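Please read these numbers as outputs of a predicted model, since none were measured by experiment. Proteins come first, then strands; the chains are lettered A, B, ... in the order of their sequence lines, and each starts at number 1.
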There are 2 protein chains.
Amino acid sequence: MSGVSIGEAARVSGIKVPTIRYYEQMGLLPEPPRTEGNRRVYDESRLRRLTFIRHARELGFDIGAIRTLLDLQDNPGQSCSPADSIARQRLQDVVERIERLKALQTELERMIAGCSHATIAKCRVIEVLTDHGQCGTPTH
Amino acid sequence: MSGVSIGEAARVSGIKVPTIRYYEQMGLLPEPPRTEGNRRVYDESRLRRLTFIRHARELGFDIGAIRTLLDLQDNPGQSCSPADSIARQRLQDVVERIERLKALQTELERMIAGCSHATIAKCRVIEVLTDHGQCGTPTH
DNA sequence: GCTTGCTCCTCTAGCGACTAGAGACTGTAG
DNA sequence: CTACAGTCTCTAGTCGCTAGAGGAGCAAGC
């Protein structure tokens, strides 16, 4: 019966030890068996599940979405359209975020470019924040 | 002596009432005077400060950064280089975030495009999450 | 004067996804 | 045998709010 400790699982999966315990608590990972000394033992399937979770987190899926995706994975006969729709929602969110961040980038660049590096009294950064009418995107 | 209620201040500044109280608690806003009935009264300078805070938050500056920016604003004789550097840091952060989100976008699009809308057993979304070797950016 | 209904007050607790730390135990290498 | 790394559980903290409880102030209508 092979199986590894939580520390080894952390190394393999790239998820920190306390975070693994946290995922267990959140119900993403079934409670693993323990050694006589009460230590968690992770088998291959658990390690795969951990890796799945890490990838999903890296793609920005939240715990709820991951729970659903894992449930789907556990029942492979079902239609994949829920998984598809979760991924699409996530994509839309990412696209929107990029849009917003690009607008911020533009505004920050304008702010910084206008700064003459003198005193605060003349600082463009402070000025723009004080009087937003001076900013490039008056929509917000 | 003109001055407005917290509700009016919220309307004018675009910051919600509890959030204004929260900012006061966090030390971004000096404690305003009160009416006999113990209600906060906001004058012009406080309203301007609130607007400053809102703009800064919209640009993604965190509370600590805003505290510094406000301190600088309160002492306009100083060099503006700390303000400049806060803004530059923020810009760098935004640029990095955009980069990461774009990579996510690409990967999510690939995932979704590959999905044949059949069952989970054949779902590309689940597959990619399970076996990350299939993903386009093997760097993470 | 009295009621209705809105705004305001303080205080505490919750969100999400961890992270940090305390204090105790286990397991292993020298 | 001792040192020390790893693990255990539990609680509390992070950030920037947000929600709710339970109470008080205040203006308008009757």
- Task: Using only side-chain N and O atoms of A/Arg34, determine if any of them is under 4.0 Å from OP1 or OP2 of C/dC25.
- Result: no

- Message: Donor-acceptor pair, distance only, cut-off 3.5 Å: does the side chain of B/Arg124 make one with the backbone of B/His117?
- Response: no

- Below 4.0 Å: OP1/OP2 of D/dT9 and any side-chain N or O of A/Arg40: yes

- Message: Testing the 3.5 Å rule here: is there a donor-acceptor pair between the side chains of B/Gln78 and A/Thr119?
- Response: no

- Just by distance, do the side chain of B/Arg57 and the backbone of B/Phe61 share a donor-acceptor pair under 3.5 Å? yes

- Query: Looking only at atom types and distance, does a side-chain atom of A/Arg90 sit under 3.5 Å from a main-chain N or O of B/Leu108, one as donor and one as acceptor?
  - Reply: no

- Message: From CZ of B/Arg54 over to C1' of D/dC17, roughly how many Å is that when rounded to an integer?
- Response: 16 Å

- Note on the structure: Protein-proximity profile, nucleotides 13-18 of chain C, B/S/- by nucleotide at the 4.0 Å heavy-atom cutoff, equals ----BB

- Query: Same hydrophobic cluster for B/Ile112 and B/Ile126, using side-chain heavy-atom links shorter than 4.5 Å among ILVMFWY?
  - Reply: yes

- With nearest nucleotides of DNA chain D determined for A/Gly37 and B/Gly37 from heavy-atom distances, which residue corresponds to the more 5′ nucleotide? A/Gly37

- Keeping the roles fixed (side chain from A/Asn38, backbone from A/Arg34), state whether a donor-acceptor pair exists under 3.5 Å. no

- Rounded to whole Å, the CZ-C1' distance (A/Arg39 to C/dT28) equals 10 Å

- Item | Side-chain N or O of B/Arg21 closer than 4.0 Å to phosphate OP1/OP2 of C/dT10 | no

- Query: Just how far, in rounded Å, is P of D/dC10 from CD of A/Glu24?
  - Reply: 12 Å

- Item | Nearest-angstrom distance from the residue atom CD of B/Glu36 to P of D/dA27 | 12 Å

- Query: Quick check: are there more than 12 heavy atoms from other residues, nucleotides or ligands sitting under 6.0 Å from CZ of B/Arg67?
  - Reply: yes

- When rounded to whole Å, the CD1 to C1' distance for the pair B/Ile6 and D/dC26 reads 16 Å

- B/Met26 atom CE is separated from D/dG16 atom C1', nearest whole Å, by 9 Å

- Does a side-chain N or O from A/Thr35 land closer than 4.0 Å to OP1 or OP2 of C/dT26, or not? no

- Map A/Gln25 and A/Tyr42 onto DNA chain D by nearest heavy atom, then report which one ends up closer to the 5' terminus. A/Tyr42

